[in-house]
Amino acid sequence: MILTKYKYCLMAALASSVLAPTATAVAADSSPAYNYLNIPSSAHIYGLGGINISTVDDDINAIDQNPALLGPEFDKQIGLNYMRYISDSNFAGVRFGMPAGEHGAWSAAIQYYGYGSMDLTDIEGNVNGSFSPKDVTFSGVYSHDITDRLRGGINLKVLYSSYGQYTAMALATDLGMNYYDPERDLSFSVVVANLGGQVKRFDQRYDRLPVDVRLGWTQSFGSLPIRFSITAWNLTKWKLPYYETGDGSDNADFKIKDSFSSNLFRHLVFAADFVPSDKFHIGIGYNYKTRTDMSTYHRSFLSGFSIGAGIRVKSFGIGVALSQPHTGATTFMFNLSTNLSELL
């Protein structure tokens, strides 16, 4: 069945203004209907480049990156997150965690992705009102200590989407492992993300989930209070070509980039985290894929870079992060977390 103009325009809007892929399908990772799953709910992670599965944090908002990062230490912790994203998009969520015995833990969360108001048009382009597309994720995580340094976890997710008259539902699973050596401040993780599929389609078209395999390494060296991270993602495929438009002008020729070095670095996210104490951190990240995805737009020098900071005041943790994918959009994320056991 040929997609209606209404749905085609909607998907294009979500892809270009919200999820920031390249101009054509050659660089697309999956259906734009589910790429929101790659957006973190943690300001700390967003400041470290947006993808980081190995940074051990005391903020429960970061658990969505790797279910194996959850543990009994998250005793009755609740985390709130909010992101002002591109255009009129606003994302928010809440997560709660509890220990399950001495070596296990569980958490539950709900995450909302709202993309603002859009014109509702028919196939001839006539405006017949407006609608507010949205995605909602319900998730539950369980983790367990395998040894004193190795932990495994699973995240089960129910995905609901409502785009005007179209609705869809999908089920997904994340599987994660984390090895952490506190003596060397070394963390290594592997995650298989978004395994699953749709149980209810938008129409007759099947939209794929962004299934991914990810590897992550985080470590500090000596007495230097800086943790370095490298995260490899999109490992289910090697080639991630993109289009470059040179000076970015409207009449510039599109040139496909598909070299070995380009493909390599589009798989990697680099980060450095200054952690002088357990009550404060400030981090920066560089995501080459984000920068090159924005090459067909009017990107700025800061495209691909992000920065974040966090502080703990008594029982509360506060985190903020900023990024500017292109000159027309500056994204902002805010986190708040606390341990209810310390307040009661």
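The closest donor-acceptor contact from the side chain of Ser187 to the backbone of Ser54 lies under 3.5 Å. For Gln77 (side chain) and Asp58 (main-chain N/O), a donor-acceptor pair under 3.5 Å exists by modelled atom type. A donor-acceptor pair is defined here as one N or O able to donate and one able to accept, closer than 3.5 Å; no such pair exists between the side chain of Ser262 and the backbone of Ser259. Side-chain atoms of Asn194 come within 3.5 Å of backbone N or O of Pro210 as a donor-acceptor pair. Formation of a donor-acceptor pair under 3.5 Å by the Thr331 side chain with backbone atoms of Tyr85 is not found in this model. Remark: the backbone N or O of Arg149 is paired with a side-chain donor or acceptor of Thr147 at under 3.5 angstrom. Side-chain atoms of Asp273 do not come within 3.5 Å of backbone N or O of Ile226 as any donor-acceptor pair. Of the possible donor and acceptor atoms, one in the side chain of Asn287 sits under 3.5 Å from a partner among the backbone N and O of Gly49. A distance-only check finds no donor-acceptor pair linking the side chain of Arg95 to the backbone of Ile110 [under 3.5 Å]. At least one donor-acceptor pair closer than 3.5 Å links the side chain of Ser143 to the backbone N or O of Leu70.
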Check step by step if side chain to side chain contact (heavy atoms under 4.5 Å, CB included) holds for Asn155 and Ile63. CA-CA 9 Å; Asn155 183 13; Ile63 299 305; over 6 Å; no
For Asp174 and Lys157, run salt bridge (charged side-chain N to carboxylate O under 4.0 Å, His left out): C-alpha distance rounded to whole Å, both residues' side-chain angles, the deciding distance at 0.1 Å, then the answer. CA-CA 8 Å; Asp174 301 336; Lys157 299 180 286 189; 3.1 Å; yes
Carefully, step by step, assess Asn263 and Lys257 under the rule side chain to side chain contact (heavy atoms under 4.5 Å, CB included). CA-CA 9 Å; Asn263 284 313; Lys257 299 292 184 178; over 6 Å; no
Using the rule given for salt bridge (charged side-chain N to carboxylate O under 4.0 Å, His left out), can you reason through Asp212 versus Arg214, listing the C-alpha separation, both sets of side-chain angles and the distance that settles it, and then say yes or no? CA-CA 6 Å; Asp212 194 12; Arg214 300 170 182 175; 2.8 Å; yes
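Contact check for Pro225 versus Val275: no side-chain heavy atoms found under the 4.5 Å cut-off. Annotation: side chain of Leu150 is not in contact with side chain of Asp145 (no heavy-atom distance under 4.5 Å). Counting heavy atoms from C-beta on, the side chains of Phe91 and Tyr112 never come closer than 4.5 Å. Contact of the Ile78 side chain with the Leu340 side chain is registered, since non-hydrogen atoms from C-beta on lie closer than 4.5 Å. Counting only heavy atoms from C-beta outward, the side chains of Phe96 and Val94 never approach each other to under 4.5 Å. Under the 4.5 Å side-chain criterion, counting only non-hydrogen atoms from C-beta, Ile284 is not in contact with Phe305.
Note that CZ of Phe280 and CZ of Arg312 are 14.0 Å apart. Values are rounded to the nearest 0.5 Å. Rounding to the nearest 0.5 Å places OG1 of Thr218 at 8.5 Å from CG of Leu186. Distance CG/Leu69 to OG1/Thr55: 8.5 Å, rounded to 0.5 Å. A distance of 5.0 Å separates CG in Asn38 from CD1 in Ile51, rounded to the nearest 0.5 Å. Rounding to the nearest 0.5 angstrom, the gap separating the CG atom in Asn61 from the OG atom in Ser337 is 6.0 Å. Atoms CG and CG, on Asn335 and Asn81 in that order, are 5.5 Å from each other to the nearest 0.5 Å.
Hydrophobic clustering, with ILVMFWY side chains joined whenever heavy atoms are under 4.5 angstrom apart, keeps Val56 apart from Leu224. At a threshold of 4.5 Å between side-chain heavy atoms, the hydrophobic network of Ile, Leu, Val, Met, Phe, Trp and Tyr places Met98 and Leu80 in one connected group. A continuous path of hydrophobic side-chain contacts links Phe260 to Ile230 [ILVMFWY only; heavy atoms under 4.5 Å].
Side-chain polar atoms of Asp293 and Thr290 form no donor-acceptor pair below 3.5 angstrom. Judged by distance alone, the side chains of Asn234 and His267 never bring a donor and an acceptor atom under 3.5 Å apart. Judged purely by distance below 3.5 Å, without hydrogens or angles, the side chains of Asp57 and His281 never pair a donor atom with an acceptor atom. Donor-acceptor pairing under 3.5 Å is lacking for the side chains of Gln111 and Asp64. Under 3.5 Å, the side chains of Ser41 and Tyr46 contain no donor-acceptor pair of N or O atoms. Counting only N and O atoms by type, the side chains of Tyr242 and Asp258 include no donor and acceptor under 3.5 Å apart.
The environment of Lys200 atom NZ is dense: over 12 non-hydrogen atoms of other residues, nucleotides or ligands sit within 6.0 angstrom. The local environment of CZ in Phe265 is sparse, with at most 12 non-hydrogen atoms from other residues, nucleotides or ligands closer than 6.0 Å.
The aromatic rings of Tyr142 and His144 lie parallel to each other, with less than 30° between the two planes, well short of the 60° mark. Note: Tyr288 and Tyr286 have tilted aromatic rings, judged against thresholds of 30 and 60 degrees for the angle between ring planes.
In terms of heavy-atom proximity, Pro241 sits nearest to Arg266 at O-NH2, 4.0 Å.
Under the 4.0 Å criterion applied to side-chain N and carboxylate O atoms, Asp207 and Arg201 are not assigned as salt-bridge partners.
For Tyr113 and Tyr36, the gap between ring centers is short of 6.0 Å.
The side chain to side chain contact (heavy atoms under 4.5 Å, CB included) with Ile45 is formed by just one residue from the set Asn66, Asn52, Thr231; it is Asn52.
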